[in-house]
Amino acid sequence: MKEGTKAQFQFKNFFIKRSLIEQGDGEPSTEFSIGFDPKAYIDTKQSNFQLHLGVKINDKNNVINIEVYSVANYQFDHQISKDLLNQYFYTNAPAILFPYIRAYISTLTNLSGYKPINLPTLNLTSLREDMEKNTTEVGAEEDDSYSQNK
């Protein structure tokens, strides 16, 4: 059996920092709008990438409001090219994290007594521009906001 090689960009963990579910009066729609608020921190000294992803979901009738704020940690190889690293950061990182958020929302709604909300699989490449604008490079000892979110 052939042994696999270690990836140059690895998902380490994630956690939900904040979540909210509200259901008002009336019948919720089965059509939802989904919005994203991505922010990222790159610590080149520690080879860490941290993605902060806010997700807001509202049904068409404005009966259901869900907000989830998550943080995911990734590790990368120092020898990786900047172009490839940016591809991992801005395309792959949200795509890796989103299935966990989808599962969380489905479970959260189901355990709350609501009909489970199963979000569709989404192509998140449109987040790239926002993520690039909202990315901060930090040194491990230079920025307290990064280390507090680890």
**Request:** Using the side-chain contact (heavy atoms from CB on, under 4.5 Å) rule, take Leu97 and Ser70 through it: C-alpha gap first, then chi angles, then the decisive distance, then the call.
**Result:** CA-CA 9 Å; Leu97 177 59; Ser70 61; 3.6 Å; yes
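- For the atom pair CD1 (Ile21) and CD (Glu67), the distance works out to 11.5 Å, reported to the nearest 0.5 Å.
- No path of Ile, Leu, Val, Met, Phe, Trp and Tyr side chains, each step under 4.5 Å between heavy atoms, connects Val55 with Leu20, placing them in separate hydrophobic clusters.
- Here the side chain of His52 pairs no donor or acceptor atom with the backbone of Tyr41 at under 3.5 angstrom.
- Scanning both residues, Leu127 and Pro94, for their nearest heavy atoms gives CD1-CB, 4.2 Å.
- The heavy-atom pair separating Tyr69 from Val71 by the smallest distance is CE2-CG2, 4.2 Å.
- If you chain together hydrophobic residues whose side chains sit under 4.5 Å apart, Ile42 and Leu84 fall into the same group.
- Atom CG of residue Asp130 and atom OG1 of residue Thr135 lie 10.0 Å apart, to the nearest 0.5 angstrom.
- For Asp59 (side chain) and Val63 (main-chain N/O), a donor-acceptor pair under 3.5 Å exists by modelled atom type.
- The shortest non-hydrogen separation linking Arg102 to Pro120 is NE-O, 3.5 Å.
- To the nearest 0.5 Å, atoms CD (Gln10) and CD1 (Ile96) are separated by 10.0 Å.
- The two residues Gln75 and Gln46 have their closest heavy-atom pair at NE2-O, 3.4 Å.
- Side-chain N or O atoms of Asn65 include none that pairs as donor or acceptor with a backbone N or O of Gln23 at under 3.5 Å.
- If you take NZ on Lys60 and OG on Ser33, they are separated by 11.5 Å, rounding to the nearest 0.5 Å.
- With ring centers used as reference points, Phe11 lies under 6.0 Å from Tyr100.
- Between Tyr88 and Phe76, the distance separating the two ring centers is not shorter than 6.0 angstrom.
- Counting only distance, with no hydrogens or angles, the side chain of Tyr74 and the backbone of Ala93 share a donor-acceptor pair below 3.5 Å.
- Separation of atoms CG (Asn58) and CZ (Phe32) is listed at 9.5 Å; rounding is to 0.5 Å.
- Annotation: the span from Leu51 atom CG to Asn92 atom CG amounts to 11.5 Å, rounded to 0.5 Å.
- Contact check for Ile57 versus Ile105: side-chain heavy atoms found under the 4.5 Å cut-off.
- Of all heavy-atom pairs between Gln50 and Asn73, the closest is NE2-OD1, 2.8 Å.
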**Item:** Tyr114 and Ile66: CA distance, side-chain angles, deciding distance, side-chain contact (heavy atoms from CB on, under 4.5 Å) verdict
**Value:** CA-CA 12 Å; Tyr114 306 122; Ile66 298 172; over 6 Å; no
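- Here Lys39 pairs with Asp37 in a salt bridge; the nearest charged N to carboxylate O distance falls below 4.0 Å.
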**Request:** Carefully, step by step, assess Arg128 and Lys133 under the rule side-chain contact (heavy atoms from CB on, under 4.5 Å).
**Result:** CA-CA 9 Å; Arg128 183 181 183 99; Lys133 288 181 199 171; over 6 Å; no
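- Ser29 places a side-chain N or O within 3.5 Å of a backbone atom of Glu31 that can act as its donor or acceptor partner.
- A donor-acceptor contact shorter than 3.5 Å is absent between the side chain of Asn110 and the backbone of Ser106.
- Under the 6.0 Å cut-off for aromatic ring centres, Phe14 and Tyr104 do not qualify, their centroids lying 6.0 Å or more apart.
- Residues Asn61 and Pro28 approach most closely at ND2-C, 4.0 Å, considering heavy atoms.
- The number of heavy atoms from other shown groups lying within 6.0 Å of CD (Glu129) does not exceed 12.
- Side-chain N or O atoms of Thr109 include one that pairs as donor or acceptor with a backbone N or O of Ile117 at under 3.5 Å.
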